[in-house]
2 protein chains.
Amino acid sequence: MSIDSPGFTIDLRKLRLLREVEQRGTVAAAASALHLTPSAVSQQLAGLARELDVPLLEKQGRGVRLTGHARVLLGHAHAIEAQLERARADLAAFDDGLVGEVRVATLPTAVAAVLGPAMAQLRAERPALRVRARDADPVGAIRALDAGEVDVAITVDHPGGPRRDDPRYARIDLITDILDVVLHEDHPLARGRTVDLGLLAGEEWISGNPHDACAAIADNACAAAGFIPDVRHWTVEYDALAALVSAGAGVGLLPRLAQPLRFGNVRTVPVAGPPPARLVYAITRAGRPADATTSIVLQKLREVAAARHDATSPLVP
Amino acid sequence: MSIDSPGFTIDLRKLRLLREVEQRGTVAAAASALHLTPSAVSQQLAGLARELDVPLLEKQGRGVRLTGHARVLLGHAHAIEAQLERARADLAAFDDGLVGEVRVATLPTAVAAVLGPAMAQLRAERPALRVRARDADPVGAIRALDAGEVDVAITVDHPGGPRRDDPRYARIDLITDILDVVLHEDHPLARGRTVDLGLLAGEEWISGNPHDACAAIADNACAAAGFIPDVRHWTVEYDALAALVSAGAGVGLLPRLAQPLRFGNVRTVPVAGPPPARLVYAITRAGRPADATTSIVLQKLREVAAARHDATSPLVP
DNA sequence: TTAATCATTAAGTCCATCTAGATTTTCTTC
DNA sequence: GAAGAAAATCTAGATGGACTTAATGATTAA
């Protein structure tokens with residue numbers, strides 16, 4: 001349908017004219033109230049009636065009377081004008097961060113620790129500010145951010161991702177997610193308070209997604225301990241990695257955010273010395289000053305992360 | 001506020017452009033879908049952003065991205081377009097008598113017998129067809145009908161009212177409302193099966209509103225019986241007339257629609273011979289064929305009146 | 001009957017919107 | 001890295017819709 005074909009839309013200005021005629025009783029009075037000539041009002045309403053193919057005005061003495069069609073139409077006009085008024089109010093409220101939708105791409109593991117609590121608090125504090133969350137791995141998160149599909153991404157560094165000082169983005173560090181060793185409960189080191197990674201040089205290793213930060217961090221940690229891990233298995237899901245350990249297939253490293261595990265025969269043990277970790281941060285496009293809504297979500301994420309950090313996952317300096 | 005001042009209304013066509021840009025992703029695609037040039041879409045959206053004083057589009061690579069403001073606006077646009085769609089549907093349904101409002105002016109006494117039951121049935125059968133009722137005496141009813149304030153009047157003939165064959169109106173007879181004599185229970189004739197009016201020639205009479213049909217009918221009935229009643233009291237409300245009889249102030253005639261009375265010491269007795277009566281009818285303007293909604297209400301009134309007529313108030317031939 | 005009020009029509013003016021072409025920016029490809 | 005393609009925007013000019021003025025017809029009031 002073409003944009004100027006009849007019936008494409010209804011001109012709200014004409015509805016306004018009709019409403020004014022209803023309230024003031026005559027075309028002339030409506031025209032005067034709107035600073036128009038009666039001729040203009042008459043022509044516009046005749047045009048509206050033609051577009052809709054219904055009679056709107058009937059002659060009544062030397063004045064006019066609204067038809068039943070016109071009254072039906074006006075019933076909706078009131079609703080539409082009210083909706084427009086709400087739209088206008090919401091546009092203003094958007095600038096104050098009271099109304100709007102902020103789209104967030106997040107690491108699945110960050111939902112429980114950060115995004116979920118933040119959304120719960122925001123829902124209570126600002127009911128008209130909606131957060132729309134979606135899962136994304138680090139690659140997908142940055143891609144969605146670049147494409148404008150999301151306003152905020154909660155993610156970690158990954159190979160090929162933007163550098164920390166990339167001017168196209170603004171970051172807020174949220175929490176340091178420490179990686180622990182995952183061992184079967186029968187493993188000789190499973191009961192230790194910490195584990196020296198070097199002692200696991202001879203084990204069969206289970207690695208995460210090679211595109212993910214965890215795999216690289218694990219490799220680096222092993223390299224620092226002086227060996228290259230013998231990776232026999234790859235998984236994308238942390239749960240699958242834990243399941244493999246549970247089955248005795250090998251050992252691995254798992255971020256604390258993905259814990260606790262649901263396998264009774266698996267133990268997680270902190271790494272001895274400086275812990276391998278990944279920094280979870282929120283990142284936004286840095287073009288111009290962010291919307292108030294986005295700033296509020298970021299601030300809430302920072303608050304929630306700070307509380308969480310005190311509890312379980314100390315930031316490394 | 002002038003009709004073309006900024007903020008008077010929002011052009012729905014521009015909202016439609018914005019929605020198309022949202023769905024298709026680019027200005028060019030939206031323009032193509034609407035058979036316009038990209039230039040036109042760009043200019044219109046720039047104008048909308050200027051009118052609303054909010055940014056709607058941001059540059060994103062070589063394309064554009066919608067701002068948070070734009071998404072807030074579009075949330076309302078969906079609601080508005082849905083409302084417009086409903087308006088269009090209702091305009092069509094009006095012609096089928098499914099949707100609309102019919103305004104009725106009615107004799108107060110006709111509500112219980114005719115209009116009330118008709119409204120109840122219509123509410124069940126056609127929930128979207130609304131009847132708006134208001135009280136009116138015969139003079140006010142015709143005046144409201146002429147002024148276009150109501151579509152139907154339920155009334156009776158009155159002095160100065162339109163003649164039965166007035167071409168400006170169309171009538172539908174509803175019920176013949178017979179007038180009975182009202183007597184105090186101690187009156188010697190109060191226990192009779194009928195009363196000969198001539199026997200009441202010496203009584204003090206209580207009359208209704210002189211502008212009302214009842215007063216004229218009573219006068220005529222008395223004249224036919226060979227006397228002119230000695231009217232000592234006038235009332236507008238039937239209830240007041242009955243109260244006067246109850247107080248022993250005199251006798252009178254009361255329409256059957258106003259009965260039963262709430263005074264225990266008052267009796268109503270039919271007039272002997274041809275009963276004085278007033279014809280209750282529905283009347284509409286006769287200019288052009290009535291709206292389907294109005295016709296449906298009239299038809300329902302006729303049905304209800306026919307049923308009522310069988311029960312209590314036989315039509316005189 | 002005359003005058004006044006109201007709506008509508010006809011004709012002309014003016015402004016918003018559209019098209020066409022040029023420009024700028026950005027992405028892709030060689 | 002250069003060239004080309006794609007996208008949006010800008011400018012200028014054309015077009016159509018909306019408004020005004022003036023005239024007409026109908027109705028009411030005096």
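As a basis for the values below, the full set of heavy atoms in this structure was taken, side chains included, without hydrogen atoms, waters or symmetry mates. What you see is a predicted model, and the numbers here were worked out from it, not measured in a lab.
Rounded to whole Å, the distance from CG on B:D11 to P on C:dC15 is 19 Å. Note: CD (B:Q44) to P (D:dC10) measures 14 Å, nearest angstrom. Separating the NE2 atom of A:H35 from the C1' atom of D:dT21 is a distance of 19 Å, rounded to the nearest angstrom. One can place CD of B:Q60 at 19 Å from P of D:dA6, the figure rounded to the nearest angstrom. With rounding to whole Å, A:L36 atom CG is found 15 Å from C:dT8 atom P.
A salt bridge links A:D173 to A:R164: one of the charged nitrogens lies within less than 4.0 Å of a carboxylate oxygen. Classification of B:R65 and A:D151 as a salt-bridged pair fails, no side-chain N sitting under 4.0 Å from a carboxylate O. Taking 4.0 Å as the cut-off between side-chain N and carboxylate O, A:D157 and A:R171 count as a salt-bridged pair.
Between the side chain of A:Q43 and the base of D:dT20, at least one donor-acceptor pair of N or O atoms lies under 3.5 Å. With hydrogens and angles ignored, a donor-acceptor pair closer than 3.5 Å exists between the side chain of B:S39 and the base of D:dC10.
Between A:T26 and B:K59, the one whose closest nucleotide on DNA chain C sits nearer the 5' end is A:T26. When each of B:A29 and A:G61 is assigned the nucleotide of DNA chain D bearing its nearest heavy atom, the one mapping closer to the 5' terminus is B:A29.
When the nucleotides C:dT8, D:dC19, D:dT9 are ranked by their closest atom to the side chain of A:V27, C:dT8 comes out on top. With distances taken from any side-chain atom of A:K14 to the nucleotides D:dT9, D:dA18, C:dC27, the minimum falls on D:dA18. Taking the side chain of A:R13 as heavy atoms from C-beta on, and the options D:dC19, C:dT9, C:dT19, the nearest nucleotide is D:dC19. Considering only the side chain of B:V64, D:dT9 comes nearest among D:dA5, D:dC19, D:dT9. The side chain of A:A28 approaches C:dA7 more closely than any other nucleotide in the set D:dA8, C:dT17, C:dA7.
Within a 6.0 Å radius of CG in A:N220, other residues, nucleotides and ligands contribute more than 12 heavy atoms.
Checked against A:E149 for a salt bridge (Lys or Arg N to Asp or Glu O under 4.0 Å), the options A:R134, A:R132, A:R103, A:R143 give a single hit: A:R134.
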